[in-house]
Amino acid sequence: MARAAAGGRTHRKCLWPALGVSMLDVKLLRDDLDQVKKRMATRGTEIDWDEFVALDRDRREALANLEKLKEKKNRLSGEIGKLKKRGGDAAALMREAEEVSESIREGERPVTEIEAGFEKFMLRLPNLPNSGVSIGRNADDNKEVRRWGEPPQFNFQAKNHWDIGEELEILDFARAAKLAGARFALYKGAGARLERALINFMLDLHTGERGYKEILPPALVNRAALTGTGQLPKFEEDLFRIETPEYFLIPTAEVPLTNVHREEMFEREDLPIKYVAYTPCFRREAGSYGQDVRGLIRQHQFNKVELVKLSEPETSYDELEKMVQDAEEVLRRLKLPYRVIELCTGDMGFSAAKTYDLEVWLPGQATYREISSCSNCEDFQARRAQIRYRREKKGKPIFVHTLNGSGLAVGRTFVAVLENYQQKDGSVLIPEVLRPYMGGLEKIG
RNA sequence: GGAGAGAUGGCCGAGUGGUCUAAGGCGCACGCCUGCUAAGCGUGUGUACCUCAAAAGGGUACCGAGGGUUCAAAUCCCUCUCUCUCCGCCA
């Protein structure tokens, strides 16, 4: 097993030891900048590459200078020590050493500044898309991979889940607004139980035959954790933050789960690691005013069952396919129609190298809506979080690949159940696989 | 919140100002030896960055984190974080 950070010891190093400020491999940028530019451009993000070249050059120059001075200082100090031991007079050497030390102090200031600038630049670079991902500008260029199930045909006008929920008195948005504000929900009675049933059903499926280990992590995390997975420093405005002491509410369990093994070293036989967690998730939804203002689709707080894997680089894409299957299986057992979308380069998230979205059919909107997003981040997060393993006992440490996927977003699954299982009389049938979790209840209303 | 103790390499653990690249042990790797096994002997054993076309080699940094004193810090001083013990409070 990996050396656990628990058990008396905390992080041994600062987040980025020495100058390993890596999210993308600095050497790759240096050696193959043209390729990197091209691939990064497919994301549609503007990046000032001249700034990178300048920062990198300045940094190396300043560093080389400083290190030369330090070498001299170390040499002089050694000589002083030996001389004193023999009882000699080291006054002259000490004067010289003092001057060198003074130069070092002066040289350190610019180096610190340059490195801070370099680090800031690097931490804001998104991941490189995997070369197999199709190039596109936005969601319109995404590819549908497959579909499962048939959208139900109703002989009545399909209702939105918020109407269904409020009429059945299992959802109450008005009172939730009284408690907190817009984008919060109150689940009541069978509604609360249905949400809980979904959580338990998903956890049982993933921990059972699918072999994930259940984790119940903190819902508040620190800055280092969010930097490790890539939410920080760039997306702070999307997060709820608590001051004194500073904590952030997790926007997804991907953050705590991926960071469980931050700054740890694995052996090959430890991998892959498969975790599943149910947590509430919290998002500011800044900049999404006017979108999905009604209903459960876009909330400040929502429940999610999340899957995370740490794997060897060679198998990470197989693991991604399996993870998508694991998420799909939830929808299949619930008999909810869905399709699988492969995101194009322009539509992927900051940390992802490749992403599949699962979209569930919502009769109320007569459209497919995202219910899961499964990504391979390759070594992007592992670099930031320093999660490595040794392929051989004496081998060099290698960054693991990290994957995450919703399995599933519970609130949206709730929506899908209400809308797909609605009946003409306004009641909602309970999917068969959920009935054991609902005390045998077959229908709400 | 109060009082105290602690944080050292893959692991255990020594080390209170200069034998600089951290004793010793365990583990691991390679080699030797013993008819097999067990044991034994020898050698080696971190990470990151810079330099070099590459390798070799050289350099710098890292003993929880940050800052300070000093020619010189694992070692002295300050701040912080985390862990453990006791007290208080608390779901």
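Within every chain, numbering begins at 1; the chains are lettered A, B, ... in the order of the sequence lines, protein sequences first and strands thereafter.
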Gap between atoms CZ and P, on A:F266 and B:U47 respectively (whole Å): 17 Å
Under a 4.0 Å N-O cut-off, is there an ion pair linking A:R333 with A:E329? yes
Winner on side-chain proximity to A:R60, out of B:U47, B:C50, B:C71, is B:C50
Side-chain N,O (A:R388) to OP1/OP2 (B:A48) below 4.0 Å: yes
Rounded off to whole Å, could you give me the CZ-to-C1' distance for the A:R59 and B:A61 pair? 13 Å
Could you go through nucleotides 56-59 of chain B and list every protein N or O atom that sits under 3.5 Å from one of its N or O atoms, giving the distance for each pair?
residue, atom, partner, partner atom, Å
B:G59, N2, A:E67, OE1, 3.2

When A:M94 and A:D56 are each assigned the nearest nucleotide of RNA chain B, the 5'-most assignment goes to A:D56
Side chain of A:R390 only, heavy atoms from C-beta on: which candidate in B:C71, B:G46, B:C50 is closest? B:G46
Determine which pairs satisfy ring-ring contact (aromatic ring centres under 6.0 Å, His included) with at least one residue from residues 37-67 of chain A, sequence neighbours left out, and list them in order. none
May I ask you to say what A:R30 touches in the nucleic acid, namely base, sugar-phosphate or nothing, with a heavy-atom cut-off under 4.0 Å? sugar-phosphate
Taking 4.0 angstrom as the limit, do A:E319 and A:K309 come out as a salt bridge? yes
Could you tell me whether A:E236 and A:R223 make a salt bridge, using a distance below 4.0 angstrom between a side-chain N and a carboxylate O? yes
Could you give the distance separating B:A53 and B:G67 at their C1' atoms, to the nearest angstrom? 42 Å
Has the side chain of A:R43 got a donor or acceptor atom that lies under 3.5 Å from a matching backbone atom of A:N127? yes
Mind calculating the distance between NZ (A:K72) and P (B:A72) to the nearest angstrom? 14 Å
How close or far is atom P of B:C62 from atom CD of A:E263, stated in whole angstroms? 17 Å
Check ring-ring contact (aromatic ring centres under 6.0 Å, His included) between A:F414 and all other residues, then give those that pass, not counting sequence neighbours. A:Y187
May I have the list of side-chain donor-acceptor pairs in residues 70-77 of chain A shorter than 3.5 Å, sequence neighbours left out?
residue, atom, partner, partner atom, Å
A:S77, OG, A:K73, O, 3.2

Indicate, with a heavy-atom threshold strictly under 4.0 Å, whether A:I80 touches base, sugar-phosphate, or nothing. base
Could you spell out the base pairing of RNA chain B in dot-bracket, with Watson-Crick or G-U pairs whose two distances are under 3.5 Å, [ ] crossing and | to another strand? ((((((((.[[[..)..(.....]]]((((((.......))))))((((((.....)))))).[[[[[..)....]]]]])))))))....
Work out how far the C1' atom of B:A14 is from that of B:U75, and round it to whole angstrom. 13 Å
Quote, to the nearest angstrom, the P distance that separates B:G9 from B:A22. 13 Å
For atom C1', what is the distance between B:A72 and B:U83, given to the nearest Å? 32 Å
Give every donor-acceptor pair under 3.5 Å between a side-chain atom in residues 276-284 of chain A and any protein atom, sequence neighbours left out.
residue, atom, partner, partner atom, Å
A:Y278, OH, A:N303, OD1, 2.9
A:R283, NE, A:P251, O, 2.9
A:R283, NH2, A:P251, O, 3.0
A:R284, NH1, A:L239, O, 3.1

With a 4.0 Å cutoff (strictly under), does any side-chain N or O of A:S101 reach OP1 or OP2 of B:A72? yes
Residue list, side-chain contact (heavy atoms from CB on, under 4.5 Å) with A:E432, at least two apart or on another chain: A:R435
Tell me, which pairs form a ring-ring contact (aromatic ring centres under 6.0 Å, His included) where one or both residues lie in residues 212-239 of chain A, sequence neighbours left out? A:H206-A:Y212, A:F235-A:F350
Report the residue (A:K27 or A:G78) whose heavy-atom-nearest nucleotide on RNA chain B is the more 5′ of the two. A:G78
Pick the P atom in B:G88 and in B:A3, then give their distance to the nearest Å. 16 Å
Within the structure, does a side-chain N or O atom of A:R105 lie under 4.0 Å from either OP1 or OP2 of B:U69? no
Whole angstroms only, please: what is the CZ-P distance between A:R268 and B:C28? 19 Å
Between atom CD in A:E79 and atom P in B:G18, what is the gap in whole Å? 18 Å
Just the rounded figure in Å: distance from C1' of B:A48 to CZ of A:R384. 18 Å
Considering only the C1' atoms, how many Å lie between B:G4 and B:G13, rounded to the nearest integer? 23 Å
Whole-Å distance separating the CD atom of A:E269 from the P atom of B:G10: 17 Å
A:Y356: what forms a ring-ring contact (aromatic ring centres under 6.0 Å, His included) with it, not counting sequence neighbours? none
Could you tell me how far B:G10 sits from B:G6 if I compare only their P atoms? Round to whole Å. 24 Å
Could you work out the separation of B:U21 and B:C28 based on their P atoms and round it to a whole Å? 29 Å
